[in-house]
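The next block holds one structure in the form of structure tokens; read it before the comments.
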Amino acid sequence: MEYIKQRLSAIYGESDTVKIWPELKGKLEQAKDTPYKERKQRWDEKDIVLITYADQFQEEGQPTLATFEKVFDRYLADKFEIVHLLPFYPYSSDDGFSVVDYKKVNPIAGDWEDVEKLSKKTRIMFDYVCNHISAKSEWFTEYKKGNPEYSGFFTEMDPNVDLSSVTRPRSTPVLTRFKMEDGSEKHIWTTFSEDQIDLNFKNPIVLLRMIDILLFYIEQGAEYIRLDAVGFMWKEVGGTCIHLEKTHQIIKLFRDIVEEVAKGTVIITETNVPHKDNISYFGNGSDEAHMVYQFPLPPLVLYSINRGNGSALTEWAKNLQPAGENTTFFNFLASHDGIGLNPIRGIISEEEILDLVTDLKREGAKVNYKTNPDGTESPYEINVTYLDALNKLSDNDELRVKRFLTAHSILLSLQGVPAVYIQSILGSRNDYEGAIKTGMNRSINRQKYSLDKIETELEKSGSLRSRIYGELTDIIQIRKAEALFHPDVPMEILDKGEKVFALKRGNDPQKSLINIHNIANEPVDCQVSGNFVNVITGEKMVLDGIITLNPYQFLWLKSI
């Protein structure tokens, strides 16, 4: 474990490392002796992730995890190998991302036994909300009382210090004023909201406490661990306070720890930022995150289908460097958050981004804004279900299904591990009542369902929800059975014209798969030659020249 000690020294220096190393070493030795659930050592084509809340489905008198298990068993178990449970701990705001107690399960969801039951049926991704903790937590409550055990757990700052260069993901102030129990006032660093207090990782005791949480999650069965908002962990006044070297060193330490105590545990970083910054969390390919979120993908696919022009998507994908032998991309289109716009700044012009925002607002989407260093505001994310984002209010359901399936064919075709949000698999529309009820734009895409209601709607033949669920899960199962979709199989982007997005998986002409998507609402001619089987329909096809793709038609053509 000497390399872990060296990593710790890179963060804190020798003197602080000497003080905390004995305790950390003891925790790691104890963890290594713990009989953890056996972990899969490598991802493959079968690994498709479902993103969901633990209280997504509800029935009276039942913990929601038990109800989720019923829905999972009936509708989802054979489609998804991994379930990302969004924060299921007691919380005070932000639908779980303001954690009150890292080591407890929200009583509404159930208890650790319910988590364990689910983990026997699927692999689970835990959210590790490592940047901040709830203002209602014991840690912050004791800090305000003046308890010396929690001294230095949070970043105090003189409000007169110039923090204008700090990167802001929200329009709220960097600092929030809090009244201490002795009557004094302190200004505390709050990157996201006044209820989400940033932890002070300059204090090595804070890191020790958070490593204890990390080890606890591994013990409770977490096989994937998502590091939420991790780019903001380390602060240095005078800079942007995002993507700092010490932040990268802490993530590398987390990687070292999971490799030491439970090899096969996957670390995923969540950094909703431009691509160059995002992929920096791969480190050297073997020492930091195993996976990073592919944040440009959701807005790029949306923009391309919205405009009927895939030039920007094709050019971006052409320049996408392979992740590496020991890393891969975590691909997604929708999540519990909005569709982030920062990742496509520099790929698409600001004027086009603003035009897209205007168009979507006209069709009922909500928008969240961020404050720039000069005090101006820019759109940060579009809040909308992905189904409604792709379509106009006046569109018919036939068109809605076609666009939606084409977008998800792109998701499932790209190199990496794909993830599908629960609202997408359910074919959900915008939840305006939910947004009004919570006062949060993001609630538009976070609707919860009673068990009876969702089962009735899924079983209603011909309904939009039933069609989306049935047709999307069909192609998911086909994808899982095709080895050429393994995340490690090479990808080549093909140029088939601006209205087509096409790619090839595999570099052996005798063993490859071509995926072609018409992203326009009109027939498009496309040049394709070869002997193929359409893996979606099973139809054999001999092609030698121009084929015509119907609006939003996609083909998965395997060479034979």
Side-chain angles (χ1 to χ4, degrees), residues 36-52 68 72-73 75-86 115 118-128 217-218 221-227 255 258-259 262-270 279 281-282 285-286 289-295 297-298 320 322-335 408-422 424-425 472-491 503 505-506 513 515 535-536 556 558:
Y36 295 128
K37 177 184 177 184
E38 186 176 348
R39 283 153 166 75
K40 186 174 179 178
Q41 294 301 305
R42 188 72 175 177
W43 44 75
D44 59 33
E45 67 277 3
K46 295 179 177 62
D47 291 330
I48 301 179
V49 180
L50 175 70
I51 305 169
T52 184
F68 173 81
F72 184 76
D73 288 345
Y75 298 101
L76 303 167
D78 58 341
K79 286 83 175 177
F80 297 98
E81 299 290 317
I82 304 151
V83 173
H84 172 197
L85 286 179
L86 291 157
V115 176
L118 185 61
S119 72
K120 291 179 178 178
K121 298 183 176 183
T122 185
R123 293 141 66 207
I124 300 182
M125 181 193 302
F126 282 26
D127 254 294
Y128 182 38
Y217 288 168
I218 293 172
E223 296 189 52
Y224 279 50
I225 296 175
R226 174 186 182 270
L227 306 185
R255 167 79 175 253
V258 301
E259 296 280 348
K263 192 170 178 60
T265 305
V266 175
I267 296 288
I268 304 178
T269 51
E270 186 264 341
I279 62 174
Y281 289 88
F282 280 141
S286 299
H290 298 90
M291 298 183 189
V292 301
Y293 274 69
Q294 188 72 280
F295 275 108
L297 188 62
L320 195 62
E325 292 184 7
N326 301 305
T327 56
T328 195
F329 288 106
F330 187 82
N331 297 323
F332 73 109
L333 292 179
S335 74
H408 281 79
S409 172
I410 294 172
L411 167 68
L412 295 168
S413 300
L414 289 169
Q415 190 172 17
V417 171
V420 180
Y421 184 40
I422 189 69
S424 293
I425 206 76
L472 180 52
T473 54
D474 282 349
I475 63 173
I476 284 174
Q477 287 180 307
I478 292 166
R479 196 258 191 205
K480 288 177 64 178
E482 177 49 65
L484 285 167
F485 283 124
H486 191 295
D488 295 346
V489 171
M491 177 179 74
L503 59 91
R505 298 297 302 275
L513 183 66
N515 299 66
V535 299
I536 294 178
W556 292 1
K558 185 177 180 180

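These numbers come from a predicted model, not from an experiment. Residue numbers start at 1 and run along the sequence shown.
Panel note: side chain Arg505, backbone His486; a donor-acceptor pair is recorded below 3.5 Å. Arg255 places a side-chain N or O within 3.5 Å of a backbone atom of Ser286 that can act as its donor or acceptor partner. Between the Thr327 side chain and the Ala323 main chain, a donor and an acceptor come within less than 3.5 Å of each other. Of the possible polar contacts, none joining the Thr269 side chain to the Leu227 backbone as a donor-acceptor pair under 3.5 Å is found.
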Exercise for the section: Determine, step by step, whether Ile267 and Tyr128 satisfy the side-chain contact (heavy atoms from CB on, under 4.5 Å) criterion, reporting the C-alpha distance in whole Å, the side-chain angles of both residues, the deciding distance to 0.1 Å, and the verdict. Expected result: CA-CA 10 Å; Ile267 296 288; Tyr128 182 38; over 6 Å; no
Practice task
Could you please spell out the steps behind the side-chain contact (heavy atoms from CB on, under 4.5 Å) verdict for Phe485 and Leu513?
Solution key: CA-CA 9 Å; Phe485 283 124; Leu513 183 66; 3.2 Å; yes
Exercise for the section: Take Ile425 and Leu76 through the test side-chain contact (heavy atoms from CB on, under 4.5 Å) and record every step on the way to the result. Expected result: CA-CA 9 Å; Ile425 206 76; Leu76 303 167; 4.3 Å; yes
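Using a 4.5 Å heavy-atom cutoff, the side chains of Asp127 and Leu85 are not in contact. By the 4.5 Å heavy-atom criterion applied to side chains, Ile410 and Asn515 are not counted as neighbours. For the pair Met125 and Glu223, the minimum side-chain heavy-atom distance is 4.5 Å or more. Annotation: side chain of Ile82 is not in contact with side chain of Ile48 (no heavy-atom distance under 4.5 Å). Contact of the Leu320 side chain with the Leu414 side chain is not registered, since no non-hydrogen atoms from C-beta on lie closer than 4.5 Å. Taking 4.5 Å as the limit, every side-chain heavy atom of Gln415 sits out of range of all side-chain heavy atoms of Val489. You'll find the side chain of Ile476 stays beyond 4.5 Å of the side chain of His408, heavy atoms only. At a threshold of 4.5 Å between non-hydrogen side-chain atoms, the residues Ser413 and Leu503 count as touching.
Rounding to the nearest 0.5 angstrom, the gap separating the OH atom in Tyr421 from the CZ atom in Phe332 is 12.0 Å. Between Met491 atom CE and Phe329 atom CZ the span is 8.0 Å, to the nearest 0.5 Å. The distance from the CG atom of Leu333 to the CG atom of Leu412 is 8.5 Å, given to the nearest 0.5 Å. Interatomic distance, Ser335 OG to Ile422 CD1, rounded to the nearest 0.5 Å: 13.5 Å. Atoms OH and CD1, from Tyr217 and Ile225 in turn, are 9.0 Å apart once rounded to the nearest 0.5 Å. If you take OG1 on Thr52 and CZ on Phe80, they are separated by 10.0 Å, rounding to the nearest 0.5 Å.
Between Asp78 and Lys480 there is no salt bridge, since none of the side-chain N atoms of the basic residue sits less than 4.0 Å from a carboxylate O of the acidic one. Under a 4.0 Å N-O distance rule, the pair Arg479/Glu45 does not qualify as a salt bridge. Ionic pairing of Glu81 and Lys46 is not present here: no N-O contact between side-chain nitrogen and carboxylate oxygen is shorter than 4.0 angstrom.
Remark: the His290 side chain and the Glu259 side chain contain an N/O donor-acceptor pair separated by less than 3.5 Å. Counted by atom type alone, Arg39 and Thr265 present one or more donor-acceptor pairs between their side chains at under 3.5 Å.
Minimum interatomic distance between Phe330 and Met291 (heavy atoms only, all atoms of both residues): CD1-SD, 4.0 Å. Minimum heavy-atom separation, Gly416 to Thr328: CA-OG1, 3.3 Å. Taking all atoms of both residues into account, the shortest heavy-atom contact from Val417 to Pro487 is CG2-CG, 3.9 Å. In plain terms, the two heavy atoms of Ile51 and Ala334 that are nearest each other are CD1-O, 4.0 Å.
For Glu325, the CD atom counts as loosely surrounded, since its 6.0 Å shell holds 12 or fewer non-hydrogen atoms of other residues, nucleotides or ligands.
Partners of Asp47 according to the side-chain hydrogen bond (donor to acceptor under 3.5 Å, both in side chains) rule, which considers only residues two or more places apart in sequence or in another chain, are Lys40, Arg123. Checked against ring-ring contact (aromatic ring centres under 6.0 Å, His included), Tyr281 has the following partners two or more places apart in sequence or in another chain: His243, His248.
Taking the six-membered ring wherever Trp is involved, the centroid distance between the rings of Tyr224 and Trp43 does not fall below 6.0 Å.
Tyr293 and Phe295 have parallel rings, their planes meeting at less than 30° on a 0 to 90° scale where 60° marks the start of perpendicular.
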